[in-house]
There are 2 protein chains.
Amino acid sequence: MTTASSKKSDTNRQKIIAAAFDLFYHQGFNQTSFSDIAEAADFPRGNFYYYFKSKDELLKEVVQYQVERIKQMIEVWDRASSDPAERLLFLAKMMEESRDDVVRYGCPLGTLTAELGKTQLGLQQEAVHMFDVLIDWVSARLNELGYADQSRILAMHVIARIQGVTTMASAYSDSAFMDYEIDNIRAELTRLANRDQ
Amino acid sequence: MTTASSKKSDTNRQKIIAAAFDLFYHQGFNQTSFSDIAEAADFPRGNFYYYFKSKDELLKEVVQYQVERIKQMIEVWDRASSDPAERLLFLAKMMEESRDDVVRYGCPLGTLTAELGKTQLGLQQEAVHMFDVLIDWVSARLNELGYADQSRILAMHVIARIQGVTTMASAYSDSAFMDYEIDNIRAELTRLANRDQ
DNA sequence: GTCTATAGAGGGATAGAC
DNA sequence: GTCTATCCCTCTATAGAC
């Protein structure tokens, strides 16, 4: 069967992937067991291997799921404005909306790639695809603003700024610091947009 | 015995703590087993509980060990200059010196607190003491530069900048980005020192 | 296609011989 | 004070009943 099917097992797969993403975020990848996932997604523990070849395979699908979610988020931004400067400011809005989760658990992208970077480099390379989507988009906007060959490293700089904020805000459970830095980042995005190159 | 002793068991303790710090950094806390530590510090696995009550207890001592090391690093900086602006620039030098390790494994402070923040908040609070030492010191220097009540949040900002760089540089194994951002941070430290408040 | 049972390895922690 | 042996638990993964 080559066409997309919509069997019950497919919706189960989706439930498992969504539950796994939340658990990886809240507990870490290596600290999340099949039992945890089975309980959260409400299926028998042993069924896992009917849906996925291995835990690594699950991670790859979780990453793909999150990549799609990030792309959808960006599509919403792009529909809301066609001005590159305005579009970039949605990064600050994203930080505001995820504030409480970030203060409690850190950034789902940053903490996952950091964990996997220790001893699971292959999986880290998969997880980095989540960052790629954001960086590609920021880079494209900066390119429109005239930054040309500097756009990619500046995009990484912007994402790094955000990562630093999430790390310290969650280390100290400090929402006020997060708010303070969201303003700082909004200001830097505005400065980037207004400075002629 | 109330006076400090220097038995063989004390040097063994130190060996274990140093080995555990390296392993926690390279593998993560929860991914490091007693077997790993015993092998690295060359002592029998079962002896662990002669030296430490539990793995949590070991972590606390590892944090204290690292706190002392950071304090020693700062003492060297303070001896090398008495000018607050010059002193702050040692943060950039620190990044240069740890560059290769950071690109490979991330920041030992940031990745440890991020891991523990997921499900071991008590241990995270211990680990954050490592950040406290740096932030207190940066804050004191900014205070000398006239930032008064802003000095603490600006100190957190500076450390957050560094954290963001380590996260992205290690996610992408990108030394060039790290170098680029070390220059950025050096520039920001200089700006902070020169702007009158 | 769904589930139970369990294998096999490795984790933290303990008891007790020397 | 040092080390061996081992307990009990949980983990990933598999075999095979239904």
Side-chain angles (χ1 to χ4, degrees), chain A residues 1 3-17 19-24 26-63 112 115-116 118-120 122-123 126, chain B residues 1-17 19-24 26-63 112 115-116 118-120 122-123 126-127:
Chain A
M1 154 158 21
T3 56
S5 59
S6 58
K7 301 187 305 268
K8 180 173 175 223
S9 56
D10 280 1
T11 70
N12 268 348
R13 276 181 72 85
Q14 280 311 115
K15 256 173 61 182
I16 294 170
I17 291 169
F21 174 77
D22 286 343
L23 286 163
F24 293 169
H26 294 146
Q27 308 186 346
F29 174 71
N30 289 299
Q31 289 292 104
T32 299
S33 69
F34 293 158
S35 303
D36 295 333
I37 300 168
E39 191 181 355
D42 194 36
F43 72 100
R45 200 160 71 86
N47 271 28
F48 182 87
Y49 288 91
Y50 170 68
Y51 295 105
F52 303 96
K53 279 209 304 283
S54 65
K55 201 182 178 188
D56 288 8
E57 207 58 40
L58 170 62
L59 179 86
K60 289 177 189 171
E61 303 227 26
V62 164
V63 166
L112 183 59
E115 178 186 358
L116 299 176
K118 300 279 190 194
T119 58
Q120 290 141 302
L123 294 180
E126 288 293 325
Chain B
M1 161 158 13
T2 53
T3 56
S5 59
S6 58
K7 303 187 304 268
K8 181 174 175 222
S9 56
D10 280 1
T11 69
N12 268 348
R13 277 182 70 86
Q14 280 311 115
K15 254 174 61 182
I16 294 170
I17 290 169
F21 174 77
D22 285 344
L23 287 164
F24 293 169
H26 294 145
Q27 307 185 347
F29 174 72
N30 290 298
Q31 289 293 103
T32 298
S33 68
F34 292 158
S35 304
D36 294 333
I37 300 168
E39 190 180 355
D42 194 35
F43 71 99
R45 199 163 90 81
N47 271 27
F48 181 87
Y49 287 91
Y50 170 68
Y51 295 106
F52 303 95
K53 279 209 301 285
S54 66
K55 202 183 177 187
D56 288 8
E57 207 58 39
L58 170 63
L59 180 85
K60 289 177 188 171
E61 302 226 27
V62 164
V63 166
L112 183 59
E115 178 186 359
L116 299 175
K118 301 279 190 194
T119 58
Q120 291 141 304
L123 294 180
E126 288 293 323

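Lettering follows sequence order; numbering is per chain, from 1.
The backbone N or O of A:D42 lies less than 3.5 Å from no partner atom in the side chain of A:K15, so there is not a single donor-acceptor pair.
Checked against D:dT4, C:dT4, D:dA13, the side chain of A:F34 finds its nearest nucleotide in D:dA13. For B:Y49, taking side-chain heavy atoms from C-beta onward, the closest of the listed nucleotides D:dT12, C:dG11, C:dA13 is C:dA13.
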| message | Please determine whether side chain to side chain contact (heavy atoms under 4.5 Å, CB included) holds for the pair A:I16 and A:L58, giving the CA-CA distance in whole Å, both sets of side-chain angles, and the decisive distance to 0.1 Å. | response | CA-CA 9 Å; A:I16 294 170; A:L58 170 62; 4.3 Å; yes
| field | Verdict with reasoning, A:V62 to A:L112, per side chain to side chain contact (heavy atoms under 4.5 Å, CB included) | value | CA-CA 11 Å; A:V62 164; A:L112 183 59; 5.7 Å; no
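Spacing between atom CD of A:Q27 and atom C1' of D:dC11 amounts to 14 Å, rounded to whole angstrom units. At whole-Å resolution of the value, CZ in B:F48 and C1' in D:dG1 are 17 Å apart. For A:L59 and D:dT12, the CG to C1' distance is 15 Å, given to the nearest whole Å. When rounded to the nearest whole Å, the span between CD of B:Q31 and C1' of C:dG10 equals 12 Å. Rounding to whole angstrom units, CD1 of residue B:I37 and P of C:dA13 are separated by 11 Å. Whole-Å rounding puts the B:L58 CG to C:dA13 P distance at 10 Å. In this structure, A:N12 places its CG atom 13 Å from P of C:dG1, rounding to the nearest Å. In this structure, the OH atom of A:Y51 is 17 Å from the C1' atom of D:dA13, given to the nearest Å.
The residue among B:N47 and A:T32 whose nearest nucleotide of DNA chain D is located toward the 5' end is B:N47.
Not a single donor-acceptor pair, N or O on each side, falls under 3.5 Å between the base of C:dT14 and the side chain of B:R45.
Relative to the six-membered ring of A:F29, A:K55 meets both conditions, a distance below 6.0 Å and an angle of at most 45° to the axis.
A parallel orientation is assigned to the rings of B:F48 and B:F34, their planes being inclined by less than 30° (bins at 30° and 60°).
When the side-chain nitrogen and oxygen atoms of B:S35 are compared with OP1 and OP2 of C:dG10, none of them lie within a distance under 4.0 Å. Considering only side-chain N and O atoms, B:S33 lies under 4.0 angstrom from the phosphate OP1 or OP2 of C:dG11.
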